[in-house]
Amino acid sequence: MFDNYLRGVKDRLGEPLAARAGRITPNTITLVAFALGIGAAVSAARGLYLWALGLWLLNRLLDALDGLVARVQKKQSDFGGYLDILLDFAVYAAVPIGLVMGIPTVERYWALAFMLALFYINSASWMYLAAILEKRNARRVNDVAAPRGLTTVVMPAGLIGAVETFLAYCAFLVWPSAIEPLYIGFGLLVLVTIAQRLIWARRVLR
């Protein structure tokens, strides 16, 4: 929901840091971010929630930085964007799984399954729409704007985006004892997002 607005803020704050990256490649930053994200999941599974939160924040910082470094170094590539999104989603799955593995109960596993199932459907809802819009080379479709998000692809907007997901995962790690209602609540918000994109696609795509 706030991704497009905050992209400019992120770029202004991050470009000075990206300019100092030297010879560090964007893909190297992406891989380090992935390792930190998996570290957050492992820490969560062991009940080390402050460590998990710190590693998650570092993961998100580097995830914001790799694209900026690519632009500053003029090393943007389709593979880099693909690798970034693939590893992001691996971390998005690993962290909530780690939290449930730390305190495994049937109720927590059901809440996890509910959230990740909707997350999976939501991913399909925007990725396939993004593929259609890129195929059409679309910036506008039937006079309706097709906004570009914080990734390398055109992405139809929705209630839950990268910023909201970041905040939700922070909440998971800060309040692990409330995982069940947090997972279910976030899953319901993702469901609203799926409906938004379905309505958008029905209205715009012909």
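FYI, side chains are in, hydrogens and waters are out, and symmetry mates aren't considered; it's all heavy atoms of this structure.
In this structure, CG in L116 is found 5.5 Å from CD1 in I97, a value given to the nearest 0.5 Å. Atoms CG and CD1, from L159 and I194 in turn, are 11.5 Å apart once rounded to the nearest 0.5 Å. We find the CG-CZ distance between L86 and F79 to be 9.0 Å, quoted to the nearest 0.5 Å. Distance check, rounded to the nearest 0.5 Å: OG of S125 to OH of Y128 gives 13.5 Å. For the atom pair CZ (R197) and OG1 (T193), the distance works out to 6.0 Å, reported to the nearest 0.5 Å. Summarising the geometry, atom CZ belonging to F186 is positioned 5.0 Å from atom CD1 belonging to I160; distances are rounded to the nearest 0.5 Å.
Taking D88 as the reference, R60 meet the side-chain hydrogen bond (donor to acceptor under 3.5 Å, both in side chains) condition, with sequence neighbours excluded. Partners of N59 by side-chain hydrogen bond (donor to acceptor under 3.5 Å, both in side chains), not counting sequence neighbours: none found. When the side-chain hydrogen bond (donor to acceptor under 3.5 Å, both in side chains) test is applied to T30, the partners found at least two apart in sequence or on another chain are D66. Residues meeting the side-chain hydrogen bond (donor to acceptor under 3.5 Å, both in side chains) test with R108, sequence neighbours left out: none.
The environment of CE in M101 is sparse: at most 12 heavy-atom neighbours from other residues, nucleotides or ligands sit within 6.0 Å. Remark: F89 CZ is packed, more than 12 non-hydrogen atoms of other residues, nucleotides or ligands lying under 6.0 Å away. The number of heavy atoms from other shown groups lying within 6.0 Å of OH (Y109) is above 12.
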### Query
Are L129 and L205 close enough, and set up right, to give a side-chain contact (heavy atoms from CB on, under 4.5 Å), and what steps lead you there?
CA-CA 9 Å; L129 276 176; L205 300 181; 3.4 Å; yes

### Query
Stepwise, does the side-chain contact (heavy atoms from CB on, under 4.5 Å) test hold for L62 with L65?
CA-CA 5 Å; L62 292 185; L65 190 62; 4.2 Å; yes

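For P96 against M115, the heavy-atom pair with the smallest separation is CB-CE, 3.6 Å.
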Could you list the donor-acceptor pairs under 3.5 angstrom formed between side-chain atoms of residues 34-57 and any protein atom two or more places apart in sequence or on another chain?
residue	atom	partner	partner atom	Å
S43	OG	G39	O	2.9

Show which side-chain atoms of residues 165-175 pair as donor or acceptor with protein atoms under 3.5 Å away, not counting sequence neighbours.
residue	atom	partner	partner atom	Å
T165	OG1	G161	O	2.8
Y169	OH	Y92	O	2.5

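Connection of W110 to I179 is not established within any shared hydrophobic cluster, with ILVMFWY side chains joined at heavy-atom distances below 4.5 Å, either directly or through further cluster members. Linking ILVMFWY side-chain heavy atoms closer than 4.5 Å, directly or via other members, places L189 and L198 in two distinct hydrophobic clusters. Both L188 and Y120 belong to a common hydrophobic cluster when Ile, Leu, Val, Met, Phe, Trp and Tyr are linked at side-chain heavy-atom distances under 4.5 angstrom.
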